[in-house]
There are 2 protein chains.
Amino acid sequence: MAKVRRRGAVLEQAILRAAADELTESGYAGLTMDRVARRAGTNKNALYRRWPNRAALGVAAYKQLVEIRLGPPDTGSLREDVLAVLRQMNEDVATPRADLVRGLMASAAEDPELFAELQKMVGDGGSSMWLTILGRAVDRGEASPASLHPRLATVAVTLLRNEYLTGLTPVPDDVIVEIVDRVYLPLVRSRP
Amino acid sequence: MAKVRRRGAVLEQAILRAAADELTESGYAGLTMDRVARRAGTNKNALYRRWPNRAALGVAAYKQLVEIRLGPPDTGSLREDVLAVLRQMNEDVATPRADLVRGLMASAAEDPELFAELQKMVGDGGSSMWLTILGRAVDRGEASPASLHPRLATVAVTLLRNEYLTGLTPVPDDVIVEIVDRVYLPLVRSRP
DNA sequence: ACCATAAGGTACCTTGAGTACCGTATCAAC
DNA sequence: GTTGATACGGTACTCAAGGTACCTTATGGT
């Protein structure tokens, strides 16, 4: 019996891979320690040696899933840039992912450190990206320089995130357009 | 042994009361069927005869907690009105309640009907109240008539809700002021 | 070649959701 | 009253899943 025994980083990656797969297939509810262990071809010990509990593994696995970040679009028009980002996000976050974030948030709330980590991935809103997009728009005269403030710049994502956290995904395209045309564009153009 | 046996609505109220108490004391995680039953002086049968599962009971109990709605303030100034509502909300929703909403949302997501009900309580944002506040502001010339649109009117609550759903509560007062002064007021004043 | 370390294997504890049954108080209808 | 359906109380159970304990064995460093 040739039992090649994986160790360290190799095994860790295998576990994370298994966990991420489980997340995408069955959501956070489907992420049980036994299933992940079995799928990774190992057992719960190996998991608990690395993560203190299910929530921590969940967050780590989720991190794998969101690593694929793309740069800001540059269509030459603020409206198109914003629509592109929101639509992209709406696709990424479609049905299974929203459940996932809800589950993780609920489950990680007990551990402040873990929650903070999750927050970085979910709640941040990527303000630097938005400031880039807006910066270009300011140069083109499409937005006021006063709009270059994180809270203001991320209003569009924040509203969309609210939609899929409190509603059912995916968000209809009309809603996205409404957010952009009735809220975001008027806001960044205005003169405070 | 004089066993006065409660039935129907009486018992139902007792259960809901017990569940609501459990929610405020220990959060959604503390809402176990056994505990609620014991606290209400009954047993799980009585619970399952009324609600199909824990999530449904949780939502029903939560409804009890949020029934106390107050009307919109009328300070004579839009800024003060908005600040008052947001600050009130921030107090109401302080620490335990945010966990609660997160837990319920995650747990109710499987049942669309239940989720919709919860959404009405959490996600709605009370657009009618906001339209009232804004309506007065329009009369005073503090806001543009074009701002009388649900999506636009509720932007402030939505941003605040996002804070306490993705962050840890309570939200610092600076954040509330920032939302009002840098986003909401400029938005409702502007007119393209 | 040795040895601490970390795998694998398995069995276990505990909590909590949900179910099944049974006896009995309550209420309505006759 | 007497009867009969309903629904409450009590208890005991199943099942799934998080988390722990303990032992054996492969692995890689010294």
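Residue numbering restarts at 1 for every chain, and letters A, B, ... go by the order of the sequence lines. All values derive from a computational prediction rather than experimental measurement.
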For nucleotides 13-17 of chain C, which of its nitrogen or oxygen atoms have a protein nitrogen or oxygen under 3.5 Å away, and what is each distance?
| unit_1 | atom_1 | unit_2 | atom_2 | d |
| --- | --- | --- | --- | --- |
| C:dA17 | OP1 | B:Arg54 | NE | 3.2 |
| C:dA17 | OP2 | B:Met33 | N | 3.0 |

| query | Expressed in angstrom and rounded to an integer, what is the separation of A:Arg50 atom CZ from D:dG19 atom P? | reply | 17 Å
| query | With a 4.0 Å cut-off on heavy atoms, is B:Arg49 in touch with a base, just the backbone sugar-phosphate, or nothing at all? | reply | base
| query | Around atom CD of A:Gln88, are there more than 12 heavy atoms of other residues, nucleotides or ligands at under 6.0 Å? | reply | yes
| said: Without decimals, in angstroms, what is the distance between A:Asn45 CG and C:dT5 P? | reply: 17 Å
| request: Please determine if B:Arg102 forms a cation-pi arrangement with B:Tyr164, meaning its NZ or CZ atom is less than 6.0 Å from the six-membered ring centre and no more than 45° off the ring axis. | output: no
| message | Using five base pairs at each end to define the local axes, how bent is the helix from C:dA1-D:dT30 to C:dC30-D:dG1, to the nearest 10°? | response | 10°
Protein and nucleotides 27-30 of chain C: nitrogen or oxygen contacts under 3.5 angstrom:
none

| task | Measure the distance from CD on A:Gln13 to P on C:dA7 and round it to the nearest whole Å. | result | 13 Å
| Side-chain touch B:Ser147/B:Leu187, heavy atoms, less than 4.5 angstrom | no
| Once you round to the nearest 0.5 Å, how far does OG1 of B:Thr154 lie from NE2 of B:His149? | 9.5 Å
| Set of salt bridge (Lys or Arg N to Asp or Glu O under 4.0 Å) partners for A:Arg49, sequence neighbours left out | none
| message | Could you check whether atom CZ of B:Arg17 has more than 12 heavy atoms from other residues, nucleotides or ligands sitting under 6.0 Å from it? | response | no
| remark: Rounded to whole Å, the CG-C1' distance (A:Leu11 to C:dG8) equals 10 Å
| said: Donor-acceptor pair, distance only, cut-off 3.5 Å: does the side chain of B:Thr24 make one with the backbone of B:Asp21? | reply: yes
| task | Please list, chain by chain and in numerical order, all residues satisfying side chain to side chain donor-acceptor pair (under 3.5 Å) with A:Glu80, sequence neighbours excluded. | result | none
| request: Whole angstrom is fine here: how far is it from CG in A:Leu47 over to P in C:dG9? | output: 14 Å
| query | Is the side chain of B:Arg50 donor-acceptor paired with the backbone N or O of B:Gly8 at a distance under 3.5 Å, no angle test? | reply | yes
| request: Test A:Arg39 against A:Glu25 for salt bridge (Lys or Arg N to Asp or Glu O under 4.0 Å), laying out the working first. | output: CA-CA 13 Å; A:Arg39 181 164 198 154; A:Glu25 280 177 25; 2.7 Å; yes
| said: I'd like to check the salt bridge (Lys or Arg N to Asp or Glu O under 4.0 Å) partners of A:Asp181; sequence neighbours left out, ordered by chain and number. | reply: A:Arg79
| field | A:Asn43 CG - D:dG18 P separation (whole Å) | value | 15 Å
| request: Take the protein atom CG of A:Leu57 and the nucleotide atom P of D:dA17, then report the distance between them rounded to whole Å. | output: 15 Å
| task | Can you tell me the distance, in whole Å, between the CD atom of A:Glu22 and the C1' atom of D:dA17? | result | 14 Å
| task | Using a heavy-atom cut-off of under 4.0 Å over every strand shown, decide if B:Arg38 touches base, sugar-phosphate, or nothing. | result | nothing
